[in-house]
Amino acid sequence: MSIDHARVTARFPTLKDVFASPTIRSYSTAVAIVVAGIGIGGILFFLLLPTLIVLPMSLSETHYIEFPPQGLTFKWYSAYFDDPDWMAATWFSLKIAMATTATATVAGTMAAIAIVRGSLPFRSTLQALTLGPMIVPHIILGVALYLAFSPLQLTGSFFGFLVAHTVLAVPYVIITVTASLQRFDPTLELAALSCGANRLQAFFLVVLPNIVPGVAAAAVFAFLASFDEATVAFFISDIGGKSLGRKMFEDIDFNLTPVIAAVSTVLIATSLLLMGAVHLMNARKSRSY
């Protein structure tokens, strides 16, 4: 007895026909979005979890770090701000970070202009080399800088830290400013040149005002790259000049108290405030257009 294949197919649709249904496709898309959102949210939460638990640990009443905290107190913040060693390391790091911000922003912006606007030979190779400090592990850079600075007696000095942190911060400036320059319309600069402005005037009057958000973001990245840096500072610091990162390393080894969590919270708050300021400036710049 034979069965009409066409009638069977019409009465019982195939699996391909089922998944081709608009309703099934919409449901499957929604399920995929939900699953992807849960997965991405889980990854972000896992990455943020160490940062999130630092704040409650800095408020613990115990004399050692633990989570969950036992009680709530601000005495460890007072201990941080009242300790002359912590304040000396903080001000030393702050001065280096401010100086690094100035030098790295200027040098990185000039390098970005040369890469984007210039006709340099092997431009791609030069751009890759400028990003070397981001690729090479900081512990290797720390050893190399120590071997270079030690004969010159630059370890622990302000100038030594400035040179080392500028090397580390310049790549962040180059990446950020290069992205801003690539979004900038070069015809505006050409129009300024055709109206009689020289290259320097065209840059300061036309190019720079349009890439200010990118330069500001680059300056923030340079500041944070210096202020939060600990690995290289561990090699090039000494008793005379000790950065905040080196001080934190020492206390983790010999005096592990919630003061470490309090200092970490201050660093996190500083980073968030600076990044928030850049975001607000970018938002105002966008609304002005």
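Atoms considered below: every heavy atom in the structure, side chains included; atoms not considered: hydrogens, waters and symmetry mates. Since we're looking at a predicted model, the values are computed, not measured.
- Within the structure, side-chain hydrogen bond (donor to acceptor under 3.5 Å, both in side chains) pairs that include any residue of residues 89-98 comprise Tyr80-Thr90 (at least two apart or interchain).
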Under 3.5 Å, sequence neighbours excluded: what are the donor-acceptor pairs made by side chains of residues 176-183?
from	atom 1	to	atom 2	distance (Å)
Thr176	OG1	Tyr172	O	2.8
Thr178	OG1	Ile174	O	2.5
Ser180	OG	Thr176	O	3.3

Side-chain donor-acceptor contacts of residues 267-278 below 3.5 Å, not counting sequence neighbours, with atom names and distances?
from	atom 1	to	atom 2	distance (Å)
Thr270	OG1	Val266	O	2.8
Ser271	OG	Leu267	O	3.0

Determine all donor-acceptor pairs shorter than 3.5 Å in which one atom belongs to a side chain in residues 138-161; sequence neighbours excluded.
from	atom 1	to	atom 2	distance (Å)
Ser157	OG	Leu154	O	2.6
Ser157	OG	Gly160	N	3.1

Tell me which donor-acceptor pairs under 3.5 Å the side chains of residues 223-234 have, and how far apart each pair is, sequence neighbours excluded?
from	atom 1	to	atom 2	distance (Å)
Ser226	OG	His165	ND1	2.7
Glu229	OE1	Val232	N	3.4
Glu229	OE1	Ala233	N	2.9
Glu229	OE2	Thr231	N	2.9
Glu229	OE2	Val232	N	2.6

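- Chaining together hydrophobic side chains whose heavy atoms lie under 4.5 Å apart leaves Ile135 on its own.
- Applying the side chain to side chain donor-acceptor pair (under 3.5 Å) criterion to Ser58, with sequence neighbours excluded, gives Tyr77.
- Ile40 forms part of a hydrophobic cluster together with Leu44, judged by ILVMFWY side-chain heavy-atom separations under 4.5 Å.
- A search for side-chain contact (heavy atoms from CB on, under 4.5 Å) contacts involving Ala202 returns Glu189, Ala192, Leu193, not counting sequence neighbours.
- Taking CE from Met110 and OG1 from Thr105, the interatomic distance works out to 12.5 Å, rounded to the nearest 0.5 Å.
- Remark: Ser264 engages no residue in a side chain to side chain donor-acceptor pair (under 3.5 Å) (not counting sequence neighbours).
- Within the 3.5 Å criterion, the main-chain N or O of Asp85 finds no donor-acceptor partner in the side chain of Lys247.
- Under the side chain to side chain donor-acceptor pair (under 3.5 Å) criterion, Thr257 pairs with no residue at all, not counting sequence neighbours.
- Scored by the side chain to side chain donor-acceptor pair (under 3.5 Å) test, Ser243 finds no partners at all (sequence neighbours excluded).
- Put simply, the side chain of Thr109 reaches to within 4.5 Å of the side chain of Val173, judged on heavy atoms.
- Taking CG of Leu47 as the start and CG of Leu52 as the end, the distance is 10.5 Å to the nearest 0.5 Å.
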